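In what follows, a single structure is set out as structure tokens and then discussed.
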Amino acid sequence: MNALLVICGLGIFALVAEIINFKKWLPGVVMLGLIAAGITVAFDFGTSVMHFSEMLLFDNFSHAFTGLIVITALFWFWLAQDYFRLQPHITDRSALILFTVAGAVIMASFNNMAMLFLGLEILSISLYVLAGSRKESLFSTEAAFKYFLMGSFATGFLLMGIALVYGATGSFHLTEIASFISTHDGQLPSFFYAGVLLMLVALVFKISAVPFHFWAPDVYEGSPTTITAFMSTVVKIAAIAAFYRIFAFCFTSVQGTYITILEIITVLTLIIANVTAVYQNNVKRILAYSSIGHVGYILLAFIANDVGSAGTIFFYLSAYAAASLTAFAVVHSVESVNRTTTVEYFNGLFKKNPLLAVAMTFALLSLAGIPPLAGFFGKYMVFAVAIENGFTKMVILGILTSLVGVYYYFKIIIAMYFAEPEGAPLEPTTSIRILLIVLTALGLGMSVFADFLVSLIPAH
Amino acid sequence: MTVFLIFFPLAVSLVLFLVKPLQARVWALIASLIEMIASFIAVSQFVSNEAVQFSVNIPWIKSLGLNFAVGMDGITLLLVLLTTVLVPGIILSSFRRQYSKPATFYGLILMMQMALVGVFAAQDGLLFYLFWEMALIPIYFICLIWGGTDRGRITLKFFIYTLAGSLFMLIGLVYLYYQTPGSHTFAMEALYDAGHSLPAGEQGLIFWAMFIAFAVKMPVFPFHTWQPDTYTVAPTEGTMLLSGIMLKMGIYGVIRWLIPVVPEGVAAWGFTAIVISVIGIVYGSCIAIVQKDFKRLIAYSSIAHVGLIAAGALTLNPLGIQGAMIQMLSHGIVVFGLFFIIDIVSQRTNTTTLAGLGGIRNVAPKLATVFMIVMLGSVALPLTSGFIGEFLLINAIFQYQHILGAVAGLTIILGAVYMLKTFQKSMSGEVNRTTEQFADLSGIEKWVLYPVVILILLIGIYPAPLLEISEPAVMNLLKIYSNLSASVK
Amino acid sequence: MVSTELIATLIPLFPLLGFFIVALNVKRFSEGVSTFIACGTVFVSFILSLIIFFDLLGGGAAVDVNVFKWFSVGGFTVNMSLLVDPLSAIMLLIITGVGFLIHVYSSGYMHGDEGYGRFFSYLNLFIFFMLLLVMGANYLVMFIGWEGVGLCSYLLIGFWFKNNAFNDAANKAFIMNRIGDLGMLLGIILIIVNFGSIEYTEVFSRATTADPGIMTTITMLLFVGAMGKSAQIPLFTWLPDAMAGPTPVSALIHAATMVTAGVYMVARNNLLYALSPATMELIVIIGLATALFAATIALTQNDIKKVLAYSTVSQLGLMFLALGLGAFTSGIFHMATHAFFKALLFLGAGSVIHAMHHEQDIRRMGGLKKYLPITFITFLIGTLAISGIPPFAGFFSKDEILASAFAHNQVVYTIALFASLLTSFYMFRLFFLTFFGTPRATPDTMHHVHESPKSITIPLIVLALLSLTGGFMGIPEVLGGSHWLAGFLAPVFASSKDLVSSHHLSHTTEYVLMGLVVLMTLVLIGVAYVRYATKGHVPVAEGQIGNVLQRTLYRKYYIDEIYDFIIVKPLYAISRVFENVVERLGIDNIVNGSGRLVVEGSKVSRRIQTGSIGYYIFVMVIGIILILALAAVQS
Amino acid sequence: MTLNVFYFISFVAVLSALMVVFSKNPVYSVLYLIITFFCIAGHYVLLNAQFLAVVHVIVYAGAIMVLFLYVIMLLNLNEESEPHKRTILKVMAAICSGLLMVVLIGALKGTEQMVPQQATDSGIGLVKNLGKVMFTDFLLPFEITSVLLLAAMVGAIMLGKSETVKR
Amino acid sequence: MINTVPIEYYIWLAVALFTIGVMGVLYRRNAIIVFMCIELMLNAVNLLMVAFSSYLNDPAGQVFVFFIMAVAAAEVSVGLAILILMYRNTKTIDIDVLNRLKW
């Protein structure tokens with residue numbers, strides 16, 4: 001809860017900074033503030049408290065995800081210094097990002113549909129704007145427009161779902177709904193199930209799983225790279241946290257309604273995302289499909305054991321976030337010189353700038369799930385959970401698609417190491433270099449201390 | 001000791017990556033020599049029994065049942081020895097070339113060494129898998145960065161292919177893991193117990209899941225198509241690593257992680273696997289006969305040899321497994337020598353096509369002699385290292401099934417056919433325009449090749465000490481196997 | 001007094017030492033030094049062999065030395081152990097003795113060759129392996145030698161490696177030997193499986209109780225090895241080609257020693273063979289067929305060494321015939337005498353070739369009698385010996401074999417007799433064509449023809465003496481002898497003696513047979529003399545060979561072509577099918593195809609992403625409809 | 001009586017909603033939408049949510065729709081500038097939404113007896129009640145809404161103003 | 001008064017309006033109309049929410065409607081800003097014109 005307050009406060013402070021001419025120091029302050037938020041999370045760890053008439057529930061799940069969101073956001077700010085430096089509106093952008101983070105934290109800790117809805121909307125509305133924040137670019141506009149239109153369309157379904165669930169259970173509180181469901185087993189009106197399904201659709205849209213993923217590649221590609229990085233990390237984490245919270249905390253006892261559908265969605269996601277990525281030529285787009293693909297793996301863990309998979313999902317997301325941020329940092333560096341992110345511009349990166357290439361390699365290997373990187377352990381845990389619960393066929397599918405994944409990740413790697421250098425030389429700033437090293441080290445460290453991360457969220 | 005053997009190369013490789021010293025290759029050579037000496041010390045301290053020695057066991061990820069458990073018994077020790085002996089040779093062999101980014105190159109080689117030693121030493125299923133995959137990364141980059149034409153596509157195929165295989169092994173391991181009693185664990189013994197308590201059908205499935213991984217790595221027909229291209233395209237040092245050591249991972253896997261784990265699976269499917277391997281022998285040999293490229297020829301011959309080793313190991317006969325052990329050493333050394341010779345030839349003539357060579361023996365008698373001896377090792381002439389292994393292996397296969405043994409025995413004929421052809425086409429005859437300026441062995445080349453020759457002869461003449469190292473462990477493994485299969489029945 | 005064990009160990013070691021010293025100093029040593037070391041080491045071995053031989057002769061026990069444990073797996077141990085019993089002692093003497101002579105001969109013959117040191121190192125290595133072969137106390141040690149001599153044969157056939165035809169011949173020899181070796185290896189493995197040991201003594205002690213079927217298989221497989229090494233049908237074609245090597249090599253390896261390894265092996269395993277009559281029958285058939293077959297081919301050959309080579313094959317056939325008949329002693333006896341006279345003939349041929357500046361075609365020789373007197377005399381002795389004219393060595397040994405054949409089966413006898421008569425004919429054809437008549441070489445060549453140096457002639461003389469007297473070690477009873485050799489070898493063949501049907505021809509029969517053979521031989525020599533020496537008939541050039549029979553014989557029954565057609569070509573064809581069809585189109589296509597499938601799938605699936613929002617929403621709505629419908633159906 | 005009113009308002013609402021979709025002229029669409037909103041406000045009244053009805057009219061009809069109208073005017077949109085979908089897509093759209101309707105109704109069928117509690121107190125829709133709930137139970141969402149609005153405001157301004165700043 | 005109108009009527013009405021909204025989104029290419037249709041969908045939800053609220057006798061539903069309204073307003077403001085941005089760049093508000101990002 002404290003973290004949420006700190007973040008909201010920071011957002012407002014960022015707006016005020018414009019007025020009091022404090023712009024220069026803003027990034028530092030924001031980062032300090034995020035660190036502070038992280039520390040409060042660390043202090044709150046282990047407690048499980050309801051806040052404001054059970055609007056928010058801060059248990060270990062929320063703490064862990066909040067921590068992850070805050071840390072990811074922190075690294076994102078580190079990464080995005082360029083983005084702020086080159087743009088005139090540092091304060092409002094920072095504020096929007098911070099509001100988004102606040103929305104994300106809410107999505108990780110809500111206990112009430114209203115909070116879910118508001119958190120989601122804060123997040124989304126800020127993102128619509130951020131996606132379009134490179135106004136001179138048609139791509140950016142298109143991304144914002146697509147994101148907005150489809151996002152609000154999906155919101156309609158979410159609300160419809162909430163309304164129906166409310167109508168059936170008479171409450172917006174997850175805990176109450178859950179207990180209502182378990183006490184009225186078999187007597188629930190059929191529109192309750194329709195509501196659950198509509199919410200499922202809306203959340204699947206938010207986590208961008210097939211067939212509700214269409215917005216993601218386009219938006220990821222069109223948005224400014226830093227924003228894409230933000231979307232594919234913080235936003236994704238938040239969306240999945242929200243998804244998990246609703247379906248594992250609240251609707252788990254009516255799992256039968258949607259589990260088959262979710263299985264189909266998982267299969268489709270794994271196949272379509274990974275296969276489609278193969279023929280892409282834009283690294284941003286590849287990463288977009290890759291992030292969709294990763295959702296497939298997370299869903300696999302979820303359908304295998306929804307209640308017990310929190311630790312796995314958390315670890316998976318952590319590993320994914322670290323790798324993804326690294327990858328986007330490199331993409332951003334390449335883009336800042338070449339103005340484009342097609343694979344050709346990664347040609348010979350290893351010769352041009354080994355650090356970027358190596359960091360990118362680690363990130364991609366981690367995303368591909370190659371040991372001993374964190375991504376492997378993430379995938380491993382997913383598969384382990386699935387095998388434990390008898391989803392061996394799905395695991396085989398997962399393995400096949402992850403091989404396809406290797407194919408497209410390695411397309412970039414091959415370009416970096418194999419092809420002759422093209423385009424201008426690259427000189428990332430020192431802070432980016434340090435960031436890359438830190439993130440890579442984190443990625444490696446995660447695999448060494450995987451135990452710690454997994455045990456953060458005990459199965460409830 | 002084991003920990004040192006695993007992490008010392010890693011540490012040096014990290015130093016190389018970070019410091020990027022000018023004389024990276026010297027550093028790497030010294031490091032690998034230290035590693036070699038360390039392994040010799042390990043051999044000298046090794047007590048000749050079946051116990052796992054120098055072992056270390058630290059919990060790593062408890063929630064995954066993953067322990068950092070390493071140790072060496074005789075089987076491991078022999079392969080570690082092979083690794084630590086070959087790597088200095090590989091590094092030394094690279095001294096003739098100037099690779100761009102040498103620090104990275106040698107760092108990757110040492111990293112590879114770490115992973116290889118780790119694979120052989122791991123006493124924990126998941127740890128084994130981790131090292132197994134870790135070995136793939138350095139070699140991939142070695143091939144990708146310093147390889148030949150079209151390496152992007154070929155190395156990717158190699159990577160995905162081997163990864164595909166090993167992921168199925170992972171499924172098998174995880175499945176076993178969930179069969180372990182209590183809070184699950186990946187400890188080797190526990191996996192053995194878990195494996196043998198499974199019903200026969202499931203054991204069969206796990207057998208295939210794991211066998212395919214090993215078969216791809218070795219590679220055994222028909223999982224081999226990545227291999228000739230990769231060997232051809234990889235830089236020589238990479239090819240040496242691949243064929244000299246990495247290939248042995250697959251066989252080691254069969255011996256350590258397949259036979260004792262799923263005895264009934266082996267009983268049910270071993271025959272099929274052996275048949276496949278034996279087909280591979282003939283198939284690989286036949287294709288080798290019609291190869292026009294030196295490197296590809298050796299690549300296919302490797303398929304044939306490894307098929308023999310795999311088939312022998314799967315016979316569950318002490319002769320077969322011991323034969324596999326000694327043949328792994330022999331093949332590692334021989335193939336290292338062969339690829340180095342190919343490299344010398346190709347570097348001086350810019351071709352590896354046999355048709356373009358000839359008459360080298362006139363101008364480079366030392367090279368020709370060395371090649372001759374290495375070739376003899378390859379065709380398993382008695383008193384060279386190749387013979388004992390092939391003899392034991394054919395023996396084991398013959399005992400398993402007479403006809404298969406006879407077919408496997410064809411390797412000694414077909415092997416002679418293609419190796420002699422190769423020797424003749426490259427070395428004998430009159431010199432031609434490409435070979436008339438051919439220089440004989442230089443200092444470094446001698447330093448690499450003479451030990452190879454000596455080792456080939458030494459192992460051939462007096463293999464008993466080496467076999468004694470692994471004997472107790474092999475017998476123990478078979479005892480576990482027979483106990484398991486007996487208790488099931 | 002040095003123990004016999006040590007001596008036995010040292011016998012093979014000396015040539016090995018010689019090999020290493022010479023091989024490592026190929027460039028440094030002068031010809032003289034190389035010669036000295038190479039010949040010296042072999043000579044020392046010879047002396048040591050003599051010591052052991054006399055020890056045995058004086059009633060000493062067979063020497064069995066375990067030098068060191070080679071390897072041991074799962075309770076199965078293989079030792080490097082050596083055994084010297086009468087059989088191996090005889091072999092030792094032949095190998096080191098003839099080997100020494102040939103070493104000496106080579107120092108003259110190879111003089112000035114750029115590979116001089118290399119040549120001697122190979123020869124020494126060969127002697128080492130050959131000694132190992134005959135001294136091995138178990139099958140694997142024998143197998144080491146067995147393969148090792150094959151290697152040396154390969155190295156020496158391809159000694160002049162610049163000529164690719166020679167290299168081909170070398171490869172052919174090695175590969176054909178390998179075919180036999182595989183059979184042998186499998187036989188050894190079968191022995192291990194059935195007897196649990198590979199030491200001769202243990203195997204023999206358990207042999208009598210073994211299953212006859214298994215025994216037959218084992219012996220058959222071992223005999224396959226012998227076929228390869230001793231150039232028997234069907235694996236004989238390498239031997240004529242092997243004449244590509246320097247002539248001393250042909251004498252040493254392809255006449256006197258290596259090719260007789262098969263004979264030695266069968267004799268060594270006489271008990272096993274005696275226990276498997278079926279194999280014995282097979283050996284008789286193969287030996288007989290080979291003897292006849294090779295002899296007929298030899299009739300039309302024009303290369304002096306090829307004729308000798310086919311004659312060797314034919315003689316080996318006779319030896320196997322003897323072995324197959326159970327007359328092991330006769331086989332060994334003939335082997336010994338054959339070693340003397342065939343080495344002599346080859347060396348003599350070498351002397352001729354040397355004199356003629358590497359001309360080997362007898363059509364371009366003739367009238368050399370007066371130019372090469374010593375060679376002429378010694379060659380004559382050799383020819384007489386091989387033809388079986390008493391009292392030359394060949395007479396006694398060949399007669400024994402024929403006698404055994406007669407006792408066994410008249411048909412066998414007739415064929416064997418025919419083959420041996422053919423031998424006399426073609427040998428004298430060769431002899432007359434070479435030394436008699438008018439010189440057919442160019443005057444220029446003839447101008448340079450001169451008798452060979454001492455280093456060549458002395459071995460010739462020594463061998464001629466041996467060919468003359470060698471037969472006396474086995475004078476049969478009929479001729480008033482005691483057959484010393486049979487007595488000496490008796491311990492070796494004692495165990496099998498009762499198992500083979502021993503023949504007892506009446507003395508009269510034997511006299512008649514001997515007389516008949518000698519008479520017919522003399523007649524044939526006369527015919528040959530008239531045809532080739534007095535009438536000066538010279539074989540026509542290749543293209544003009546008239547009738548089908550002659551052409552078939554000249555072409556060696558087209559065996560090489562047939563092998564090429566039924567084995568080599570199909571092998572290559574299959575290999576190409578493997579490579580081009582199975583590998584490229586089959587397996588690799590499946591692998592690559594799955595990759596391509598993904599890429600093609602990707603090309604299709606990316607089209608789903610049309611970029612149009614309207615379309616996206618459409619799909620979304622359809623998705624929702626499907627989900628709801630699915631849920632409705634489910635409930 | 002209430003039922004008749006319900007039918008009437010519902011009919012108007014659905015009709016004008018359809019007109020929103022089918023009107024060629026955007027301005028007409030806006031106006032039809034406003035009618036729809038008024039109908040919905042009528043329903044609120046029927047449902048005893050008087051305060052909400054008022055707020056609804058003020059926010060939707062008063063603010064949001066005006067905003068729409070303003071933008072339409074600003075962009076000078078009219079019938080001629082109207083983009084047209086291909087007929088087949090239109091048919092598809094109709095079919096799809098029809099299907100959705102069918103499926104939704106199918107999913108919602110048989111709900112009559114399942115509504116747990118019947119309303120007795122008609123005072124919940126009053127300001128007093130709502131205010132109490134809003135500022136006790138729903139305090140946090142209420143406050144968070146301010147963040148939301150702030151974000152929207154900042155965002156809208158950011159997107160809207162920049163063009164001039166750049167020049 | 002309430003009891004005279006069964007709840008399922010409201011559900012059906014809400015569904016009808018919602019579906020009409022969806023249909024509008026599918027049917028029209030004019031971004032503003034599409035947008036308005038989304039508003040219509042939200043209003044359908046609002047109606048449903050209020051109906052449930054009344055029938056459940058629970059004010060929470062009505063409070064929720066407030067939030068929906070607030071969000072709708074915020075969405076509209078941002079959405080229209082994006083629309084204007086888009087119009088500036090492309091001089092059209094056809095939703096299918098912007099399809100450069102694809103494949």
Side-chain angles (χ1 to χ4, degrees), chain D residues 2-3 6 10 13-14 17-18 20-21 26 29-30 33 36-37 40 43-44 47-49 52 55 59 63-64 67-68 71-72 75 77 82-83 85 90 93-94 96-97 100-101 104-105 108 111-112 115 117 119-121 124-125 129-130 133-134 138 141 145 148-149 152 155-156 159-160 163, chain E residues 1-9 11-13 15-17 19-20 22-24 26-30 32-33 36-37 39-40 43 46-47 50-51 53-60 62-63 65-67 69-78 80-85 87-88 92-94:
Chain D
T2 324
L3 205 54
F6 172 81
S10 300
V14 170
L18 283 171
V20 172
V21 177
S29 288
V30 171
L33 192 56
T36 314
F37 286 163
I40 289 171
H43 281 299
Y44 290 169
L47 287 164
N48 275 344
L52 207 57
V55 172
V59 171
I64 295 180
L67 203 55
F68 270 105
V71 170
I72 289 172
L75 303 184
L77 299 176
E82 181 64 14
K85 264 203 160 83
K90 288 185 177 175
C96 268
S97 40
L100 183 66
M101 177 105 152
L104 272 177
I105 288 176
L108 306 182
T111 58
E112 306 78 42
V115 176
Q117 299 148 11
T120 45
D121 179 12
I124 54 157
N129 269 331
L130 285 183
V133 174
M134 172 107 51
F138 285 82
T145 311
L148 175 78
L149 290 172
L159 286 180
E163 197 80 7
Chain E
M1 186 164 89
I2 297 163
N3 289 340
T4 53
V5 182
I7 183 70
E8 66 265 26
Y9 284 23
I11 295 176
W12 289 343
L13 175 61
V15 166
L17 288 175
T19 319
I20 290 168
V22 172
M23 177 164 80
L26 293 175
Y27 192 84
R28 299 298 294 259
R29 288 171 66 181
N30 186 327
I32 293 183
I33 308 283
M36 278 161 36
C37 290
E39 290 302 318
L40 187 59
N43 270 281
N46 283 355
L47 179 59
V50 173
S53 168
S54 294
Y55 277 74
L56 294 170
N57 200 16
D58 174 25
Q62 297 195 22
V63 173
V65 172
F66 278 112
F67 297 131
M69 284 182 187
V71 167
E75 233 172 39
V76 165
S77 64
V78 169
L80 288 175
I82 291 173
L83 254 172
I84 289 171
L85 189 63
Y87 188 80
R88 274 191 207 145
T92 174
I93 47 164
D94 184 346

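Residue numbers start from 1 in every chain, and the chains themselves are labelled A, B, ... in the order their sequence lines are given, proteins ahead of strands. Just so it is clear, the structure is predicted and the values come from calculations on it, not from any experiment.
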Inset, instruction - Heavy atoms only, distances under 4.5 angstrom: which of Val76(E), Asn30(E), Asp94(E) has the most pairs with chain D? Name it, please. - result: Asn30(E)
Legend entry - Separation of Phe37(D) CZ from Glu39(E) CD (nearest 0.5 Å): 6.0 Å
Inset, instruction - Check whether any side-chain heavy atom of Asn48(D) lies under 4.5 Å from a side-chain heavy atom of Ser53(E), and answer yes or no. - result: no
Inset, instruction - Check each atom of Tyr87(E) against the heavy atoms of chain D and say whether the ones under 4.5 Å are side chain, backbone, both or neither. - result: side chain
Inset, instruction - Would you give the length of the straight line joining atom CG of Leu47(E) to atom CG of Leu52(D), rounded to the nearest 0.5 angstrom? - result: 10.5 Å
Inset, instruction - Find the distance between CE (Met36(E)) and CD1 (Ile64(D)) and round it off to the nearest 0.5 Å. - result: 12.0 Å
Legend entry - Tyr44(D) vs Asn46(E), side chain to side chain contact (heavy atoms under 4.5 Å, CB included): CA-CA, chis, key distance, verdict: CA-CA 9 Å; Tyr44(D) 290 169; Asn46(E) 283 355; 3.0 Å; yes
Inset, instruction - Heavy atoms only: give me the nearest Thr19(E)-Ser97(D) pair and the separation to one decimal. - result: CG2-O, 2.9 Å
Inset, instruction - For Ser10(D), enumerate each residue passing the side chain to side chain donor-acceptor pair (under 3.5 Å) test, keeping only those at least two apart in sequence or located in another chain. - result: His43(D)
Inset, instruction - Check for a donor-acceptor pair, side chain of Ser54(E) on one end and backbone N or O of Leu47(D) on the other, with a separation under 3.5 Å. - result: yes
Inset, instruction - Mind checking the CG-OG1 spacing from Leu40(E) to Thr36(D)? Nearest 0.5 Å is all I need. - result: 6.0 Å
Inset, instruction - Check Ala70(E) against Leu149(D) and note the closest heavy-atom contact, atom names and distance. - result: O-CD2, 3.9 Å
Inset, instruction - Go through the atoms of Ile20(E) and report whether side chain, backbone, both or neither lie under 4.5 Å from a heavy atom of chain D. - result: both
Legend entry - Toward chain E, the part of Leu130(D) with a non-hydrogen atom under 4.5 Å: both
Legend entry - Cys96(D) to Leu26(E) - nearest heavy-atom pair and separation: CB-CD1, 3.9 Å
Legend entry - Those residues that, when tested against Ile84(E), pass side chain to side chain contact (heavy atoms under 4.5 Å, CB included) (two or more places apart): Val71(D), Leu74(D), Arg88(E)
Legend entry - Which atoms of Ala63(D) approach chain E - backbone, side chain, both or neither, heavy atom under 4.5 Å: neither
Legend entry - Heavy-atom closest contact (Pro141(D) atom, Phe67(E) atom, distance): CB-CZ, 3.4 Å
Legend entry - Atom group of Phe6(D) that falls short of 4.5 Å from chain E, counting heavy atoms: side chain
Inset, instruction - Could you tell me which portion of Ile32(E) (side chain, backbone, both or neither) has an atom closer than 4.5 angstrom to a non-hydrogen atom of chain D? - result: both
Legend entry - Options Val55(D), Val30(D), Leu75(D), ranked by heavy-atom pairs under 4.5 Å with chain E, top entry: Leu75(D)
Legend entry - Taking every non-hydrogen atom, the tightest pair across Arg28(E) and Ser29(D): NH1-OG, 4.3 Å
Inset, instruction - Go through Val22(E), Ile93(E), Val50(E), Val71(E) and name the one with the most non-hydrogen pairs under 4.5 angstrom from chain D. - result: Val50(E)
Legend entry - Separation of Thr145(D) OG1 from Phe66(E) CZ (nearest 0.5 Å): 11.5 Å
Legend entry - Shortest non-hydrogen separation from Leu159(D) to Ala81(E) and the atoms involved: CB-CB, 4.0 Å
Inset, instruction - To the nearest 0.5 Å, tell me how far Ile40(D) CD1 sits from Asn43(E) CG. - result: 4.0 Å
